[in-house]
Amino acid sequence: MNNNSETPKRRSRGRPRAFDREEVLDRAIEIFWAKGYGQTSVEELTSQMGISPPSLYAAFGNKHDLFMHAMDRYAETVGGLPTKAFADAPDVRSAVQGLFETTIRCATTTNRPKGCLLVSVASEMAVRDEDVRKKLAHGYATRVKAISDRVAAEQGAGRLPTHPTAERLAKMIVSVTHGLVARARMGANRSELSGLASDFLDTLVPASD
């Protein structure tokens, strides 16, 4: 459990200021994503979110709690788009292709920070923060299982080789997405990333003859 005491929890009394919870969380995501957790102050957060410190404490808790809420919101929105693309595709190869392509688009959109909030920011925190580590581990396991289940079905139908195992192949696929967003964070453009993704796709899930 993180014991960050920079901004202790408070509960405001009286009528709270009205605001759209999802909208202000999206604003918090932007600044955490751009600057990282440690470099973002409560003052910057409240200014970016357009709310007062008492409203932040009352609605979300302290800074650490806010980041945990931001992680959940990110996973439900931008961070969930690649998994949705995988689930919506008609076959496993196009599913993995959609996963890679959507990951690249999310990581290189011009009006947002590069990379991924979870891979770029939360992963750094996970080394020293058990709460973040557990949340990331759960998200990773969920994604691996979704991919593994589909790969196993394709292997069972004879449409994919049975080596490597479905779980190992799923972990390799997820690792590629992490590598793509890390490269995006370091400045790789969409064209370069798409070329890498295409090579990985041909290696991991070869096209049928």
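Everything quoted here is computed from the prediction, not taken from an experiment. Count residues from 1 along the sequence.
Residue Gln97 holds its CD atom at 9.0 Å from CG of Asp91, rounded to the nearest 0.5 Å. A distance of 12.5 Å separates CG in Leu193 from OG in Ser198, rounded to the nearest 0.5 Å. Put simply, CG on Asp65 and CZ on Phe60 are 11.0 Å apart, with the number rounded to the nearest 0.5 Å. Leu25 CG to Glu76 CD: the interatomic distance, rounded to the nearest 0.5 Å, is 9.0 Å. The distance from atom CZ of Phe67 to atom NZ of Lys135, rounded to the nearest 0.5 Å, is 10.0 Å. With values rounded to the nearest 0.5 angstrom, Leu136 atom CG is found 9.5 Å from Met125 atom CE.
The number of heavy atoms from other shown groups lying within 6.0 Å of CZ (Arg21) is above 12. Applying the 6.0 Å contact sphere to CD of Glu167 captures no more than 12 heavy atoms from other residues, nucleotides or ligands.
Taking both residues in full, the closest heavy atoms of Val121 and Arg185 are given as CG2-NH2, 4.2 Å, listed atom of the first, atom of the second, then distance. When all heavy atoms are compared, the tightest approach of Phe32 to Ala70 is CD1-CB, 4.3 Å. Taking both residues in full, the closest heavy atoms of Ile31 and Thr40 are given as O-OG1, 3.7 Å, listed atom of the first, atom of the second, then distance. For Leu99 against Pro82, the heavy-atom pair with the smallest separation is CD1-O, 3.5 Å. Minimum heavy-atom separation, Ala85 to Gly98: CB-O, 3.7 Å. Heavy-atom minimum distance, Val42 versus Tyr57: CG1-OH, 3.9 Å.
Clustering ILVMFWY residues whenever any of their side-chain heavy atoms sit less than 4.5 angstrom apart, transitively, puts Leu201 in the very cluster that holds Met172. Residues Val132 and Val181 do not share a hydrophobic cluster, defined by chaining ILVMFWY side chains whose heavy atoms lie under 4.5 Å apart. In the hydrophobic clustering of ILVMFWY residues, with side-chain heavy atoms under 4.5 Å counting as a link, Val144 and Leu204 come out together. Criterion: ILVMFWY side-chain heavy atoms under 4.5 Å apart, direct or through other members. Under it, Leu160 and Val176 are part of a common hydrophobic cluster. Tracing side-chain contacts under 4.5 Å through hydrophobic residues (I, L, V, M, F, W, Y), one never reaches Val119 starting from Met68; they form parts of separate clusters.
Taking the charged nitrogens against the carboxylate oxygens, Arg150 and Glu154 have no contact shorter than 4.0 Å, which rules out a salt bridge. Taking a cutoff of 4.0 Å between a charged side-chain nitrogen and a carboxylate oxygen, Asp202 and Arg93 qualify as a salt bridge. In this structure, Asp129 does not pair ionically with Arg133, as no charged nitrogen and carboxylate oxygen lie closer than 4.0 Å.
With Tyr140 as the aromatic partner, Lys171 does not meet the cation-pi criteria of under 6.0 angstrom to the ring centre and within 45 degrees of the ring axis.
Side-chain contact between Glu192 and Asn189: present, with at least one pair of heavy atoms (C-beta onward) separated by less than 4.5 Å. Using a 4.5 Å cut-off on side-chain heavy atoms (C-beta onward), Asp131 and His64 make contact.
Looking only at distances, no side-chain donor or acceptor of Lys35 sits under 3.5 Å from a matching main-chain atom of Ser41. Side chain of Lys114 to main chain of Thr108: a donor-acceptor pair is present (N/O by atom type, distance under 3.5 Å, no hydrogens or angles). Judged by distance alone, the side chain of Gln155 and the main-chain N or O of Pro164 form a donor-acceptor pair under 3.5 Å. Judged by distance alone, the side chain of Thr46 and the main-chain N or O of Glu43 form a donor-acceptor pair under 3.5 Å. Without hydrogens or angle criteria, Ser123 side chain to Leu118 main chain gives a donor-acceptor distance under 3.5 Å. For Tyr74 (side chain) and Cys116 (main-chain N/O), no donor-acceptor pair under 3.5 Å exists by modelled atom type.
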Passes side chain to side chain contact (heavy atoms under 4.5 Å, CB included), Arg112 versus Val78? Steps please. CA-CA 11 Å; Arg112 287 197 301 256; Val78 176; 3.9 Å; yes

Apply side chain to side chain contact (heavy atoms under 4.5 Å, CB included) to the pair Phe100 and Ile173, showing each step before the final yes or no. CA-CA 9 Å; Phe100 289 166; Ile173 290 167; 3.9 Å; yes

Under the side chain to side chain contact (heavy atoms under 4.5 Å, CB included) criterion, do Thr177 and Val174 qualify, and how do the steps go? CA-CA 5 Å; Thr177 66; Val174 173; 4.2 Å; yes

